[in-house]
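Everything on this sheet refers to the single structure shown next.
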Amino acid sequence: MGNEHAHHLENPNATTPPPKIELVSSVPAPPTPDNAEVMTIHVTLPPGSEGNPPHRHTGPAFGFMIKGEMLFELEGEQQRVLKAGESFWEPGGDLIHYQDGNNLPDAETEFVVTMFGVAGQPMLIPVSAEELEERRDRRAPRP
């Protein structure tokens, strides 16, 4: 890990081992809404949960999988399975978030996500069936 991502300072008086720091992900800073509200949420998906219907967020979101598996799909990207220990992000704004369901039929899935949204607006904005149809060509082919 280079100095640009150093998250530990040497402590000459330490009597215990230093913390283990591992960079999980790094992306260029996406645009954030003016007067953004930043929130961190812990999500638990019951076994087999389909998650939320297609939606969007007013700003970017950064997440980390704690346990289980999430079926994750953003507009223009192939759906993928995220597993415990992996991270994810999405730019928010106009982009549709199609899937965030539990990929496991017999176990919970948990993740933590930090979102930068417009203060006073909902965290999740549903997408209508009409808009989904209008933007059908923007969705990646399904496996």
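Worth saying up front: this structure is predicted, and the values here are computed from it rather than measured.
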query = Quick one: CZ on Arg135 to CG on Asp94, what's the gap to the nearest 0.5 Å?
reply = 4.0 Å

ask   = Do you know the tightest heavy-atom contact between Ala84 and Lys67?
value = CB-CA, 3.6 Å

ask   = Is the count of non-hydrogen atoms from other residues, nucleotides or ligands lying under 6.0 Å from Glu77 atom CD greater than 12?
value = yes

note = Test salt bridge (Lys or Arg N to Asp or Glu O under 4.0 Å), reference Arg139, set Glu73, Glu134, Glu133, Glu75, output is Glu73

request  = From the options Val27, Val24, Val113, select the one residue that forms a side-chain contact (heavy atoms from CB on, under 4.5 Å) with Ser87.
outcome  = Val24

Salt-bridge criterion met for Glu131 and Arg56 (N-O under 4.0 Å) = yes

request  = Locate the shortest heavy-atom distance separating Thr58 from Val118; write the atom from each residue and the value.
outcome  = OG1-N, 2.8 Å

task = Decide whether Val43 and Met39 are clustered together by the hydrophobic rule: side chain heavy atoms of Ile, Leu, Val, Met, Phe, Trp, Tyr closer than 4.5 Å, transitively.
result = yes

query = Asn102 and Gly48: which non-hydrogen atoms are nearest, and at how many Å?
reply = ND2-N, 3.8 Å

ask   = Same hydrophobic cluster for Met115 and Ile96, using side-chain heavy-atom links shorter than 4.5 Å among ILVMFWY?
value = no

request  = Evaluate the side-chain contact (heavy atoms from CB on, under 4.5 Å) criterion for residues His57 and Leu124: first the C-alpha distance (whole Å), next the side-chain angles of each, then the deciding distance (0.1 Å), finally the verdict.
outcome  = CA-CA 5 Å; His57 305 284; Leu124 301 172; 3.0 Å; yes

request  = Report the distance from atom OG1 of Thr109 to atom CG of Leu104, rounding to the nearest 0.5 Å.
outcome  = 4.5 Å

ask   = What do you reckon, is CG of Asp34 surrounded by more than 12 foreign heavy atoms closer than 6.0 Å?
value = no

ask   = Is atom CZ of Arg142 surrounded by more than 12 heavy atoms (other residues, nucleotides or ligands) closer than 6.0 Å?
value = yes

key: Leu71 vs Glu69, side-chain contact (heavy atoms from CB on, under 4.5 Å): CA-CA, chis, key distance, verdict   = CA-CA 7 Å; Leu71 191 57; Glu69 297 181 1; over 6 Å; no

message = Check whether Asn103 reaches the backbone of Val81 with its side chain - one donor and one acceptor, N or O, closer than 3.5 Å.
response = no

task = Kindly indicate, with the supporting measurements, whether the criterion side-chain contact (heavy atoms from CB on, under 4.5 Å) is fulfilled by Val127 and Tyr98.
result = CA-CA 9 Å; Val127 177; Tyr98 284 101; over 6 Å; no

query = In terms of hydrophobic clustering (I, L, V, M, F, W, Y; side-chain heavy atoms under 4.5 Å; direct or indirect links), are Phe111 and Met123 co-clustered?
reply = yes

inquiry  = Parallel, tilted or perpendicular: which one describes the rings of Phe72 and His97, with boundaries at 30° and 60°?
reply    = perpendicular

message = Is any side-chain heavy atom of Met65 closer than 4.5 Å to one of Phe88?
response = yes

request  = Can you measure from CG (Leu74) to CD (Gln99) and round to the nearest 0.5 angstrom?
outcome  = 10.0 Å

task = Determine whether Trp89 and Phe116 fall in the same hydrophobic cluster, where Ile, Leu, Val, Met, Phe, Trp and Tyr are linked whenever their side-chain heavy atoms lie under 4.5 Å apart.
result = yes

query = Can you tell if the side chain of Thr32 reaches within under 4.5 Å of the side chain of Pro60, non-hydrogen atoms only?
reply = yes

task = Would you kindly confirm whether Ile41 and Met70 end up in one hydrophobic cluster when ILVMFWY residues are joined by side chain heavy atoms under 4.5 Å apart?
result = yes

ask   = Is a side-chain donor or acceptor of Asp100 paired with a backbone partner of Gly51 at a separation under 3.5 angstrom?
value = no

query = When rounded to the nearest 0.5 angstrom, what is the spacing between CD in Glu86 and OG in Ser25?
reply = 11.0 Å

task = Could you tell me which non-hydrogen atom of Ala119 sits nearest to which non-hydrogen atom of Asn35, and how far apart they are?
result = CB-O, 3.7 Å

